[in-house]
Amino acid sequence: MQALMMPAPLQIAAVLEHAAHWHPRTEIVSRLPEGIIHRYTYAEAAARARQLAHALSALGIKPGERLATLAWNTHRHFELYYGISGLGAVCHTLNPRLFFDQLVFIINHAHDRLLFFDLTFLPLAEKLAPHCPTVEKWVLLAGPEHLPAGSQLPGLCSYETLLAGQPTAFEWPVLDENAAASLCYTSGTTDQPKGVLFSHRSTLLHALSACLPDCFAASATDVILPVVPMFHVNAWGLPYVAPMVGAKLVLPGPGLDGASLFELFEAEKVTFSAGVPTIWLGLLQFMRDGQRQFSTLRRTIVGGAACPPALMAAFENELNVTIRHAWGMTETSPLGTAGTLKAGQDALPKAEQDAILAKQGRVIFGVDMKIVDDTGQALPHDGRAFGDLLVRGPWVVSDYFGAPNPGQLTASGWFATGDVATIDPDGFMQITDRSKDVIKSGGEWISSIELENLAVAHPAVAEAAVIGVASEKWSERPLLLVVLRPGQTVSKAEMLAFFEGKVAKFCIPDAVLFVPELPHTATGKLLKTQLRKDYAGYQW
Ligand code: ADP
């Protein structure tokens, strides 16, 4: 029997219209690449998103066509999220930190018709254009006064000119909620980039669950600053979460260094933020250097890579900011788990609470997960057995965009994340490694993440990586690579002794090398593929 409820499909445009109607005066503040602060309201943002929809219609953009962005977190990027998806086209966010060849590959693979870029990326756009024949029009995300003279970019125009004079009223089309709304390629840490195509439905369900108290706990009283870029899995859903709950949104543009972020946190009274560990490590150093304190920031989500417990402790104890650890990936939109205590756990000794919160967290409603062994058998949730982590749910990928063999990726009904994890009896999941990063030593598995977390707890260490290097006797042994903090020294023996008593003896790295820096991926993670290549011939 059919229910008697309105069959209203879930629509991305409805989120912004909600904010425009019910939180019309709430602000969106952006620091632009042009160097100025831009301030307006949800009502104005919605009016401009509607103008954009008119402009795109006039350019003949059809539902399902891909339009790319090469942009920082700004109000214009926010308008593109809604104007493009609202019209039924696909907002394809490009990660400017990818290698040039990867960007060319992605733009051609997606058949992007238009490309919107920030002033910062003008030189990159000019380099890309000759290799990207599908892009008919390059749109500079600025006023016409910033247009370069004599540029060869096809169809170059300014975003402000595109919008100028367009009506501010627009009837958003009613779309199939399963229609594609946005596209994001994985950062290619382990492989060629692969396109994940999000729907209106997956985006809204993901954002709704993200708002829950044990996840983002987003509210109309919040001021939200996503440090995580809008080109990194839709800034973890925050550009949808903020208008959904009516929170003020602060968009930091290209200024992601400690000083720029701190200034914006304070000036705009930010209460809640989110980003990868590298950002918070940088900010922590800046705060320590000037003995600074935040006046309003109280919580932040850290994910995208394992958050070192030392970072969580420093934020809590020195800065009075709670770090909430979350796990996810492009293929899971990205949120899968978030870490908060369950009833009764707040009575545990502090060290036990900290150990629980250092895990990657519990599933949020909508995501189901399990761990399996090599034969696909489910493993117990005892916090000790570890195996391949599988997930499923309405915002988990079912196939990659343009995959040559559709149907294969999730034929079992589950998506294999490529992560290795444990799940404890309370449901807290802990990533022990990426399956390719696990160090297999004499039949035992050693977690590189655990060793890295321990290494960065040493006061002299700024960053650390552990990789498996071939060993005749053990097949692989862990090699520790350390970047020291400025002005700090520590001997190799002292560094290795630091692990004693903290992990099983066989897990302690066999050697340590001090290096000036470590390579990172486009999303700020350690580039272990590169390290494994660089140290492949290391002689123990
Ligand atoms: P890529 O898969 O190309 O690295 P993603 O940004 O999708 O790009 O990264 C997802 C991966 O990042 C996860 O599969 C996991 O290995 C890692 N990751 C994400 N969050 C965490 C976390 N909190 N702790 C440990 N690893 C994490």
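These numbers come from a predicted model, not from an experiment. Side-chain atoms are counted along with the backbone in the values below, which use heavy atoms only and exclude waters and symmetry mates. First listed ligand is number 1; within each ligand, the first listed atom is number 1.
Of all the atoms in ligand 1, the ones that sit under 4.0 Å from a non-hydrogen atom of His325 are 22 (C), 23 (N), 24 (N). Set against the non-hydrogen atoms of Gln360, the atoms of ligand 1 under 4.0 Å away are 22 (C), 23 (N), 24 (N), 25 (C). The His232 neighbourhood of ligand 1 comprises atoms 6 (O), with distances under 4.0 Å to a heavy atom of that residue.
For Ala305, every heavy-atom contact with ligand 1 shorter than 4.0 Å involves the backbone, none the side chain. Counting heavy atoms under 4.0 Å from ligand 1, residue Asp419 touches it through the side chain alone. Only the side chain of Arg434 comes within contact range of ligand 1, with a heavy atom under 4.0 Å; no backbone atom does.
For Lys533 and Tyr535, the positive end is not near the middle of the six-membered ring at less than 6.0 Å and at most 45° from its axis.
Taking the six-membered ring wherever Trp is involved, the centroid distance between the rings of Phe105 and Tyr185 does not fall below 6.0 Å.
Of the possible donor and acceptor atoms, one in the side chain of Trp395 sits under 3.5 Å from a partner among the backbone N and O of Leu335. Without hydrogens or angle criteria, Thr296 side chain to Thr271 main chain gives no donor-acceptor distance under 3.5 Å. No donor-acceptor pair under 3.5 Å is formed between the side chain of Ser448 and the backbone N or O of Ile467. Not a single donor-acceptor pair under 3.5 Å links the side chain of Glu65 to the backbone N or O of Ala89.
Atom SG in Cys184 sits 12.0 Å away from atom CE in Met230 (nearest 0.5 Å).
Below 3.5 Å of separation, one finds no N or O of Thr186 facing any N or O of ligand 1. Residue-to-ligand polar distances keep Ile431 apart from ligand 1: every N/O pair is separated by 3.5 Å or more.
By the 4.0 Å heavy-atom criterion, Gly418 is excluded from the residues contacting ligand 1.
The residue from Cys184, Ala326, Ala306, Gly303 that puts a heavy atom closest to atom 23 (N) of ligand 1 is Ala326.
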